[in-house]
Amino acid sequence: MSEPFVSVVVCTYNRSRSLRQTLESLAAQQADGFDYEVVIVDNNSRDDTRAVVEAFQARHGERFRYEFEPRQGLS
């Protein structure tokens with residue numbers, strides 16, 4: 001039996017300042033017995049959201065994935 005896999009999806013729009021804190025909180029979580037990924041969906045932000053995620057990825061690896069969605073809409 002394989003271990004459980006969890007995906008955490010964070011949808012964001014122009015909230016790079018609070019995104020930093022959110023990603024730090026997620027990275028600090030204990031996930032004993034679970035493999036997980038964090039997918040950050042940038043909903044066409046005009047701030048430095050991409051740069052925040054890329055800097056975070058450089059420190060925490062590929063477990064954190066960035067996706068860009070150019071069409072704005074509901075999460």
Side-chain angles (χ1 to χ4, degrees):
M1 178 186 288
S2 64
E3 60 188 46
F5 187 83
V6 175
S7 294
V8 177
V9 181
V10 178
C11 301
T12 187
Y13 173 70
N14 289 340
R15 298 204 185 276
S16 63
R17 293 180 75 196
S18 62
L19 182 60
R20 284 183 184 98
Q21 183 178 9
T22 300
L23 297 179
E24 290 293 346
S25 294
L26 288 169
Q29 296 299 310
Q30 295 296 318
D32 298 335
F34 289 89
D35 191 14
Y36 72 95
E37 68 177 349
V38 177
V39 181
I40 301 95
V41 180
D42 178 355
N43 195 205
N44 203 27
S45 296
R46 291 177 175 81
D47 62 1
D48 62 340
T49 294
R50 180 186 290 264
V52 166
V53 175
E54 288 174 350
F56 198 84
Q57 286 172 317
R59 292 191 333 254
H60 295 281
E62 296 178 5
R63 187 174 301 272
F64 292 80
R65 192 174 81 210
Y66 176 84
E67 297 291 334
F68 183 77
E69 173 52 59
R71 262 186 335 173
Q72 285 181 276
L74 298 175
S75 299

Closest heavy-atom contact between Thr49 and Arg15?
OG1-N, 4.3 Å
Separation of Glu62 CD from Glu37 CD (nearest 0.5 Å):
11.5 Å
Applying side chain to side chain contact (heavy atoms under 4.5 Å, CB included) to Ile40 and Leu19, what does each step give before you reach the verdict?
CA-CA 9 Å; Ile40 301 95; Leu19 182 60; 4.3 Å; yes
Heavy-atom side-chain contact between Arg46 and Tyr13 under 4.5 Å:
yes
Least distance between heavy atoms, Arg63 atom then Asp35 atom:
NH1-OD1, 3.2 Å
For residues Ser45 and Thr12, report the shortest heavy-atom separation together with the two atoms involved.
OG-O, 3.8 Å
Could you tell me if the side chain of Glu54 sits less than 4.5 Å from the side chain of Tyr66, heavy atoms only?
no
Pair up each side-chain donor or acceptor in residues 20-31 with any protein partner under 3.5 Å, not counting sequence neighbours, and list the distances.
| from | atom 1 | to | atom 2 | distance (Å) |
| --- | --- | --- | --- | --- |
| Arg20 | NH2 | Asp48 | OD2 | 3.3 |
| Thr22 | OG1 | Ser18 | O | 3.0 |
| Glu24 | OE2 | Arg59 | NH2 | 2.3 |
| Ser25 | OG | Gln21 | O | 3.1 |
| Gln29 | NE2 | Ser25 | O | 3.2 |

I'd like to know if Val39 and Phe5 are part of one continuous hydrophobic network [Ile/Leu/Val/Met/Phe/Trp/Tyr, side-chain heavy atoms within less than 4.5 Å].
no
Give a yes or no on whether Tyr36 and Val41 share a hydrophobic cluster (residues Ile, Leu, Val, Met, Phe, Trp, Tyr; joining criterion: side-chain heavy atoms under 4.5 Å apart).
no
Asn44 CG to Phe68 CZ distance, which is reported to the nearest 0.5 Å:
4.5 Å
